[in-house]
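Before any comments, here is the structure.
We name chains A, B, ... by the order of the sequence lines, and we start the count at 1 in each one.
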Amino acid sequence: MTSQLEAYRLLQAGAEALSFVEEAGVCVDTDYCREELVGVDRRLFRSEVRLKHSPLGKAWIQRYGSAWRHSSVAQLRHILYQDMHAQPFKASEGGSESTDEESLRQTGVDGVEHLLELRRWKKARDVLVSFVRYATQGRMYPSFLLHTVATYRSSSADPNLQNVPHRDKEVMDVCRRAIKPSPGNLLLEIDFSGIEVAIAACYHQDPTMIAYLNDTSSDMHGDMAKELFLLPRFNTPYKEIEGWYTVRQASKNGFVFPEFYGDYYINCAFNIACSWCKLPQNGIWRPDQGASFAGKPLGEHLLSRDIDSLDAFTNHVQRVERNFWERRFKVYNQWRKDWYASYQRTGEFEMKTGFRCSGVLARNQVVNYPVQGAAFHVLLFTLIKLVERLRGMQSRVIGEIHDSAIIDVSPPELDRIIAMAQEIATVEVPREWRWITIPLRIEVARSAIDGNWAEMEAAG
DNA sequence: GGAACTCGCCAC
DNA sequence: AAACGTGGCGAGTTCC
């Protein structure tokens, strides 16, 4: 078992390595930011005009006049739930009626789509403005901290380089085009794929999970997708069927990962029904909408197996969940129970990397912290070694996002750095930590020379 | 005029 | 029994 002293040494070396990362800084194209802000502002203006002329906007201005602010959730709450008598869909953390994206869509009020569009581009605007604000002579210097997070992960600030938009393709493009390699260089991103799932397996040693992780031809998310959506058998491989990727993603992001984090079937069923099947709308189960698979909407696949309501789907997901934890991954499930019981007895637990957690923690925290923390420590170890070995070279590690490192690479050094990263991740990490019993894999992506962070291609 | 709070939302 | 884990940040708002 790794000792607390080793944990301390990892933090010490990590802090030193990250100080070099901070010193290197990130190249940012402020001319691009300023130009792009013109277009973003134009989008914002157009959406604001549309909102003003919608029923929602009219009601808003009628009550607040020139004091109306589309960014004021307090005003919005009043308009939606008092003046327009919309049905609150859920409460926020503090107990008031929520005005988040899901809640706005659920109201069905005419005009919320313009407000959501405003929020989307406001986010992009905030990112570009912060880049301009933090840039000095074409570089900015985000902080990477190791002492702020309960799980012993890192955080980033001023600006936060760990939450630059990615999933929304359009917004991602606008924001990440601003981040560049140094002149003549390229950006390289080294990413540990599925690291949290692999690290979790090092704790629970579930044979079914280990088999999935060792057999690259198996596909856990694909198997779960078939079960979740009751997909029929086909003569052709699933991956050749239209919509397979979407269905698999729905299963992964709507069921498997939420279950790993501690969510449960009622939420999963509802989210999948809303986000992927576009169900239920106004309480009516409409199987003809949403993502489709083999030319048929997912709702129809479900209907053909007698799932004709949200209740029926929820019951089905409950059965899938039982099968998931009580049969498929029962050893994993037993580990969660034992791990939590041990915490309840002792009031503390220790991560595989030697970090100790104590205090009043909820069950989900107790189960998640050791995985989240140790997974990050694998990245931190890799980053420390990379920073060490890049001394005397031209390339610099310039950032880190929990399971990936970003490097500003001088082209002649590219192949050497990729080989270095492969060696560290797949040989040196498991040699340092014998408890790593699952093979670790990295994915490498690169930009063009003088490219940007929005246009990354697989490399290595 | 600033501290502290809530809310929404981006990342992993 | 409980019910998605960890952060940072901007805007609005309230309080002192």
Side-chain angles (χ1 to χ4, degrees), chain A residues 64 67-78 90-104 115-116 118-131 133-134 142-168 171-172 174-176 189 191-197 199-200 253-271 318 321 336-337 340 344 357 361-376 379 399-406 453:
Chain A
Y64 287 98
W68 86 287
R69 292 281 174 278
H70 62 73
S71 46
S72 168
V73 289
Q75 290 182 4
L76 176 59
R77 204 154 35 225
H78 194 181
K90 65 178 176 188
S92 67
E93 190 70 31
S96 46
E97 302 98 326
S98 173
T99 56
D100 68 5
E101 178 175 351
E102 190 185 21
S103 302
L104 293 187
L115 189 56
L116 291 173
L118 276 166
R119 286 184 183 174
R120 253 181 104 209
W121 293 104
K122 180 65 169 59
K123 186 75 186 179
R125 187 176 200 283
D126 287 348
V127 170
L128 293 178
V129 167
S130 82
F131 286 174
R133 184 158 77 89
Y134 281 105
S143 297
F144 294 93
L145 310 172
L146 291 175
H147 66 282
T148 64
V149 181
T151 60
Y152 298 97
R153 255 195 188 182
S154 64
S155 68
S156 168
D158 308 311
N160 182 352
L161 198 76
Q162 293 177 329
N163 72 343
V164 181
H166 192 62
R167 282 161 209 175
D168 183 328
V171 175
M172 180 280 269
V174 164
C175 296
R176 296 200 172 198
E189 197 159 354
D191 188 306
F192 279 90
S193 39
I195 184 79
E196 287 201 9
V197 175
I199 295 304
N253 296 332
F255 181 78
V256 177
F257 282 155
E259 287 284 342
F260 285 162
Y261 279 134
D263 205 356
Y264 76 132
Y265 69 95
I266 292 181
N267 282 340
C268 294
F270 186 82
N271 289 336
Q318 183 177 24
E321 181 184 77
R336 301 197 304 174
K337 287 181 186 167
Y340 184 51
Q344 286 184 308
C357 295
L361 299 171
R363 179 184 174 279
N364 285 341
Q365 294 175 312
V366 172
V367 174
N368 286 324
Y369 281 22
V371 175
Q372 196 181 97
F376 168 68
L379 183 275
E400 158 269 304
I401 314 178
H402 308 306
D403 66 355
S404 69
I406 307 164
W453 201 19

Determine yes or no for a side-chain-to-main-chain donor-acceptor pair under 3.5 angstrom, with A:Asn271 supplying the side chain and A:Gly254 the backbone. no

Is the shortest side-chain N/O distance from A:Thr99 to OP1 or OP2 of B:dG8 below 4.0 Å? yes

Assert: residue with more 5' nearest nucleotide on DNA chain C, out of A:Thr151 and A:Ser130, is A:Thr151

What is the nucleic acid contact for A:Asn368, judged by heavy atoms within less than 4.0 Å: base, sugar-phosphate only, or nothing? sugar-phosphate

Are the charged groups of A:Glu196 and A:Arg153 less than 4.0 angstrom apart, N to O? yes

A:Arg176 side-chain N/O to A:Val164 backbone N/O, donor-acceptor pair under 3.5 Å: yes

Looking for any heavy atom pair under 4.0 Å, which part of the strands does A:Val164 touch: base, sugar-phosphate only, or nothing? sugar-phosphate

Across the strands shown, which category fits A:Phe260 at heavy-atom distances under 4.0 angstrom: base, sugar-phosphate, nothing? nothing

Categorize A:Glu93 for me: base, sugar-phosphate, or nothing, with a 4.0 angstrom heavy-atom threshold over every strand shown. sugar-phosphate

Using whole Å, what does the distance between atom C1' of nucleotide B:dC7 and atom CZ of A:Arg77 come to? 7 Å

Please confirm whether any donor atom in the side chain of A:Arg167 sits under 3.5 Å from an acceptor in the base of B:dC10, or the reverse. no

Can you tell me the distance, in whole Å, between the NE2 atom of A:His402 and the C1' atom of B:dC12? 5 Å

Between B:dC10 atom P and A:Asn160 atom CG, what is the distance in whole Å? 14 Å

Contact span of DNA chain C against chain A, any nucleotide atom under 4.0 Å from a heavy atom, 5' to 3', runs C:dA3 to C:dT13

When you check the phosphate oxygens OP1 and OP2 of B:dG8, does a side-chain N or O of A:Arg119 lie under 4.0 Å from one of them? no

I need the CH2-P distance between A:Trp121 and B:dG8, as an integer number of Å. 22 Å

Starting at NZ of A:Lys123 and ending at P of B:dC9, how long is that distance when rounded to a whole Å? 9 Å

Considering only atom C1', compute the distance from B:dC10 to C:dA3 and round it to an integer number of Å. 24 Å

Distance check needed: B:dC12 P versus A:Ile199 CD1, whole Å only. 18 Å

So, A:Lys90 and A:Glu102, do they make that salt bridge, N to O below 4.0 Å? yes

Quickly work out the A:Arg120 CZ to B:dA11 P distance and round it to whole Å. 12 Å

Within the 4.0 Å heavy-atom criterion, would you say A:Glu101 contacts the bases, only the backbone, or no part of the nucleic acid? sugar-phosphate

Pick base, sugar-phosphate or nothing for A:Arg133, based on heavy-atom distances below 4.0 Å to the nucleic acid. sugar-phosphate

Say whether, by atom type as modelled, one donor and one acceptor occur between the side chain of A:Gln75 and the main chain of A:Ala67 under 3.5 angstrom. yes

Is there a donor-acceptor contact under 3.5 Å from the side chain of A:Glu321 to the main chain of A:Tyr265? yes

Are the side chain of A:Ser154 and the backbone N or O of A:Phe144 linked by a donor-acceptor pair below 3.5 Å? no

Heavy atoms only, 4.0 Å cut-off, all strands: where does A:Ser156 land among base, sugar-phosphate and nothing? sugar-phosphate

Using a 3.5 Å distance criterion without hydrogens, assess whether the side chain of A:Glu400 forms a donor-acceptor pair with backbone atoms of A:His402. yes

Using atom CZ of A:Phe257 as one end and atom P of B:dA11 as the other, report the distance to the nearest whole Å. 15 Å

Classify A:Gln372 by what it touches in the nucleic acid, base, sugar-phosphate, or nothing, heavy-atom distance under 4.0 Å. base

